[in-house]
Structures are given as structure tokens and as C-alpha cells.
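Here's the structure, in C-alpha cells; my notes come after.
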Amino acid sequence: MAQSNWQQTLNAFVAQQLPPTTTSHTVTVLTPTAALAELDQCARVTARFNRPPQRLSGRMMVRLHCAQTGADHYVQIDVSATGEYLVAAHDLSAQQLLTRNDVVAMTGDLQGLPRHALLATPENIARVEGSQLRRGLNARSVLQENLLVKPTLVNYGDTLVIEVHGEGFQINRTGEAMDTGAIGDIIRVRLNNRQLLRVEIIAAGRAKPAQ
């Protein structure tokens, strides 16, 4: 059976909002058909969330707007989505420094995942590498963002090499760290001339001028 215009708009809208690791999904309209009869006559429909959900799965409300009448229609839907997320490849201990081999992608129902679960995107995989765990995890446990911490690589008083790169040149200066931090953190460094400089930590003992 051919879908009405509003059904096509609704399905396209949901598909655009799905996480990038989604492999399949279904959309079930829960609002009674009789309550949506006016939408069947609407040629131009736009969709938006009445309140954006934290994760696009389970029950939620979508507002469909009919351009001809100017009326809003609230449609309750249930979204079932399957996708890839990150889990522990084996038992992991607390404070363990993670590598790419410590995590694997698993495919399953996204609705049942913990709130801070990490989907298997390249960005999340990169975030996991080099991070430490707040607590241990059993094999196949879901990786969660709130369980990861960046290890401190620079402490107060450490000597840092500050690297300045340009086209055809590189200048290195040394300074004393005035803060502690991990990779990507912006800290203050005191140079030999007592000048304070804001730098970004790029590795243990190394930094670059902050943008």
C-alpha cells in the first residue's frame, strides 16, 4: 500500500536523525489513524521533534506541520533501531590504558543501551584509544563515555618542549608547566623569559601553542 505524503515525510525525518552506525530500523505509528485523517489531505508536510530525544529509539513524539492549513499534528511513534556500538573485547581492569585491540564493535538493539554508551563511530574509537577506565569491565560490556578518563601526561613543574611548525621551518622552545593536563588540554607554560604562554598538550613532554 502506497504511503501518504505525511508518512513519507515522517519516515524520511526519522531516517535522517538515526545514529550513523544504524544498520536497520522500523517506525511504528501509535497515534490512532482516525486522529490523523486531516493529514492525508495535506500535500506539504514538515516534521520536527516536539522535544528532541536523547537517543532515537523507543517511544517519542513528532510534530507534523501542514503548510496548507497551518495546523500542527502531534504523532506518537515507536522507533526500533539496530546498530553498532563498542564493547570490551576482553576483561578490562580499572585504570587500564586502552588500545584499539581492547574494544570491538557489536551489533544489537540501540534502545536497551546505557545512556552514555559509545556507538562504533571512528570518532569514538579514536576517543577510546589512550584513555583509562574509571572501573573494570567484563568482556562484552558496553563502553560508556562516562567511564573514560584521559591520563594525566603533564604535571605542574614539568619541562615541556613547545613545537612551532610552519611552512619549511620548525622552532622548539622549552618551558615550565604551570598546570597539569592530558592530551588535548590547554595549560599555561612559563618560558625562560618569564612570559606565560597557553599551549595544547600533544604528548608527554610536548605541546604546541594553543589556537
Side-chain angles (χ1 to χ4, degrees), residues 1-88 98 103-135 137 140-150 182-186 211:
M1 181 180 299
Q3 290 186 329
S4 63
N5 186 55
W6 70 265
Q7 289 174 314
Q8 295 178 31
T9 299
L10 175 63
N11 289 333
F13 173 73
V14 171
Q16 291 172 357
Q17 312 300 318
L18 289 168
T21 64
T22 301
T23 54
S24 64
H25 77 281
T26 58
V27 180
T28 303
V29 177
L30 303 178
T31 301
T33 303
L36 302 173
E38 291 183 10
L39 277 173
D40 290 332
Q41 309 304 318
C42 192
R44 292 177 52 208
V45 180
T46 56
R48 63 179 297 183
F49 284 120
N50 189 42
R51 178 180 298 176
Q54 292 182 342
R55 177 173 289 124
L56 196 65
S57 59
R59 295 192 176 192
M60 62 199 70
M61 193 73 72
V62 177
R63 181 168 63 184
L64 298 180
H65 178 77
C66 177
Q68 287 95 316
T69 64
D72 288 328
H73 300 265
Y74 294 89
V75 181
Q76 187 179 37
I77 62 174
D78 184 80
V79 179
S80 176
T82 299
E84 294 185 329
Y85 49 91
L86 297 178
V87 300
L98 300 177
V103 297
V104 293
M106 177 177 287
T107 301
D109 182 8
L110 298 182
Q111 183 176 354
L113 293 178
R115 178 180 177 184
H116 299 287
L118 290 174
L119 300 180
T121 63
E123 295 78 12
N124 284 339
I125 293 174
R127 182 185 308 175
V128 167
E129 293 186 75
S131 295
Q132 286 180 317
L133 281 173
R134 295 182 184 273
R135 61 174 175 81
L137 290 177
R140 302 298 176 180
S141 295
V142 178
L143 264 291
Q144 301 179 55
E145 185 176 8
N146 59 338
L147 298 180
L148 302 179
V149 293
K150 294 186 293 184
I183 287 181
D185 287 346
I186 305 298
Q211 299 297 322

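Values below: every heavy atom of this structure, side chains too, minus hydrogens, waters and symmetry copies.
In this structure, Val142 and Val87 approach most closely via the heavy-atom pair CA-CG1, 4.1 Å. The shortest heavy-atom contact between Lys150 and Asp185 is NZ-OD1, 3.2 Å. When all heavy atoms are compared, the tightest approach of Val62 to Ala47 is CG1-CB, 4.1 Å. Residues Ala81 and Thr22 share a closest heavy-atom pair of CB-CG2, 4.4 Å. Closest approach of Val45 and Thr9 over heavy atoms only: O-CG2, 3.4 Å. In terms of heavy atoms, Arg48 sits closest to Phe13 at CA-CZ, 3.6 Å.
Enclosure of atom CZ in Arg44 is not indicated, since only 12 or fewer non-hydrogen atoms of other residues, nucleotides or ligands lie within 6.0 angstrom. Within 6.0 Å of the CD atom in Gln41, the count of heavy atoms belonging to other residues, nucleotides or ligands does not exceed 12.
Contact of the Leu36 side chain with the Val29 side chain is registered, since non-hydrogen atoms from C-beta on lie closer than 4.5 Å. Between Leu98 and Leu148 there is a side-chain heavy-atom pair separated by less than 4.5 Å. Between His73 and Trp6, every side-chain heavy-atom pair lies at or beyond the 4.5 Å cut-off. With a 4.5 Å cut-off on side-chain heavy atoms, Val104 and Arg140 count as touching.
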Donor-acceptor pairs are to be reported for all side-chain atoms of residues 127-134 against protein atoms at under 3.5 Å, with residues two or more places apart or in another chain.
{"unit_1": "Arg127", "atom_1": "NH1", "unit_2": "Glu145", "atom_2": "OE2", "d": "2.9"}
{"unit_1": "Ser131", "atom_1": "OG", "unit_2": "Arg127", "atom_2": "O", "d": "2.7"}
{"unit_1": "Gln132", "atom_1": "NE2", "unit_2": "Gln95", "atom_2": "O", "d": "3.3"}
{"unit_1": "Arg134", "atom_1": "NE", "unit_2": "Asn146", "atom_2": "O", "d": "2.9"}

Go through it in stages, so that I can follow the logic: the residues are Leu118 and Tyr85, the test is side-chain contact (heavy atoms from CB on, under 4.5 Å), and I'd like the CA-CA distance, side-chain angles, deciding distance and then a yes or no. CA-CA 6 Å; Leu118 290 174; Tyr85 49 91; over 6 Å; no

CA sep, side-chain torsions, deciding dist, call: Gln76, Arg59, side-chain contact (heavy atoms from CB on, under 4.5 Å): CA-CA 7 Å; Gln76 187 179 37; Arg59 295 192 176 192; 4.1 Å; yes

Could you walk me through whether Asn11 and Gln3 pass side-chain contact (heavy atoms from CB on, under 4.5 Å), step by step? CA-CA 10 Å; Asn11 289 333; Gln3 290 186 329; 2.9 Å; yes

